[in-house]
Amino acid sequence: MYCAIVAEVDKRLEDPLVGFFIQNLSHNLLLEQNGEKIRVTGYLSPRLPVQEKKHRLAQYLSQLKTANPRFLPGRAFVRYEKEFNWVAQFKKNFRPRQVAPGWWVAAPWNKGKHKNEIVIEPKMAFGTGEHATTQLCCQAALGLVRPGMKVLDFGTGSGILAILTTKLGASNVLGIDNDSLAIDNARENLDLNKVSSKVKLSMDSIEALPDERYDLIFANLMLSQIKEFFPRFKKALKKDGLLVASGILTYQLPELGRFLKEKKAGLIAFGRDCDWAALVIAP
Ligand SMILES: C[S@@+](CC[C@H](N)C(=O)[O-])C[C@H]1O[C@@H](n2cnc3c(N)ncnc32)[C@H](O)[C@@H]1O
């Protein structure tokens with residue numbers, strides 16, 4: 001039995017709602033547009049405190065409604081499903097998509113249409129290229145990766161950034177994730193892209209960061225994690241190394257700005273896509 005937690009809101013509220021799901025409920029999302037409304041379905045294990053999560057979602061929808069009184073009202077509900085059909089539904093809608101200028105993500109069954117491709121078998125792991133936070137990292141990678149670089153992809157998900165950085169010339173990449181499903185999917189995707197020899201994967205978290213120095217670290221996480229892991233990332237970077245921090249909602253930028261000022265970190269570049277932002281930081 002699987003649990004689907006669903007919210008329907010005015011489609012202009014898609015970005016903040018997706019952000020709320022990813023940061024609080026689930027990153028296994030299905031997005032469907034229905035006229036003026038967007039329906040977001042997040043899949044999670046029924047072993048989690050589902051009713052408490054639904055309650056938080058309902059509270060969030062009422063905050064959204066208060067802040068946007070002229071938008072259509074939203075609703076939230078929970079559905080239980082015998083068959084877990086998220087992947088099947090997602091696959092049905094999966095088309096090659098451009099994640100950065102000239103770079104496309106395709107699935108194994110629709111690959112070969114573009115010169116620069118990352119092939120991803122869409123499964124439960126985050127990183128199929130449809131999300132702005134991933135795309136902002138891909139765009140940053142295009143400007144930052146140089147041949148021979150050593151890269152840490154912290155929270156690798158599907159391995160998409162590890163694959164892209166390798167294809168851009170990085171010679172030594174480490175992908176870390178604490179979700180075994182992500183690591184399994186990343187391994188499969190490294191093989192599909194023939195980059196397994198250049199990327200090492202590790203199912204771990206920040207405590208297991210090796211005592212090595214990287215030119216670049218990608219961290220598409222949550223603001224709270226970026227702040228918490230910042231000292232470890234700083235230690236793991238070479239003298240001129242850079243941190244690409246993504247997964248930041250634009251309303252969180254003042255908080256991140258204060259944090260970076262306190263840490264005397266430099267801001268090298270900034271990217272934004274709707275309500276999401278990514279920063280290139282010199283810690
Ligand atoms: C938003 S996804 C990013 C995936 C991919 N890098 C991308 O940019 O599309 C974040 C990933 O970080 C992983 N993650 C979250 N917290 C983590 C932690 N403390 N240690 C390791 N991995 C973590 C999650 O399992 C998830 O796969």
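Here the structure is a predicted model, which means the values were calculated and not measured. Counting convention: from 1, in listed order, for ligands and their atoms alike.
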Give the numbers and elements of all ligand 1 atoms closer than 4.0 Å to a heavy atom of [X].
| X | value |
| --- | --- |
| Asp179 | 25 (O) |
| Leu161 | 6 (N), 8 (O) |
| Phe126 | 1 (C), 2 (S), 3 (C), 4 (C), 9 (O) |
| Ser205 | 18 (C), 19 (N), 20 (N) |

Could you tell me whether the side chains of [X] and [Y] share a donor-acceptor contact shorter than 3.5 Å?
| X | Y | value |
| --- | --- | --- |
| Lys167 | Asn116 | no |
| Asp177 | Thr156 | no |
| Arg56 | Asn24 | yes |
| Asn185 | Ser158 | no |

- Message: Classify the ring geometry of Phe20 against Tyr60: parallel below 30°, tilted from 30° to 60°, perpendicular beyond 60°.
- Response: parallel

Out of [options], whose heavy atom is nearest to [atom]?
| atom | options | value |
| --- | --- | --- |
| atom 5 (C) of ligand 1 | Thr156, Thr134, Ile176 | Thr156 |
| atom 15 (C) of ligand 1 | Met222, Glu207, Gln225 | Gln225 |
| atom 10 (C) of ligand 1 | Leu136, Asp204, Asn220 | Asn220 |
| atom 6 (N) of ligand 1 | Gly155, Gly127, Gly129, Ala182 | Gly155 |

Between [Y] and [X], is there a salt bridge with N-O shorter than 4.0 Å?
| X | Y | result |
| --- | --- | --- |
| Glu117 | Lys111 | no |
| Asp215 | Lys150 | no |
| Glu255 | Lys227 | yes |

Does ligand 1 have an atom that lies less than 4.0 angstrom from a heavy atom of [X]?
| X | result |
| --- | --- |
| Phe229 | yes |
| Leu221 | yes |
| Ile22 | no |

- Does ligand 1 have a heavy atom under 4.0 Å from the side chain of Phe218, from its backbone, from both, or from neither? neither

- Query: Considering only the protein, which heavy-atom contact is closest to atom 18 (C) of ligand 1, and what is its distance?
  - Reply: Asn178 ND2, 3.2 Å

- Please state which protein non-hydrogen atom is closest to atom 26 (C) of ligand 1 and give its distance, to 0.1 Å? Asp177 OD2, 3.5 Å

- Message: Per the ring-ring contact (aromatic ring centres under 6.0 Å, His included) rule, what does the pair list look like for residues 147-199, sequence neighbours excluded?
- Response: Phe154-Phe229, Phe154-Phe233

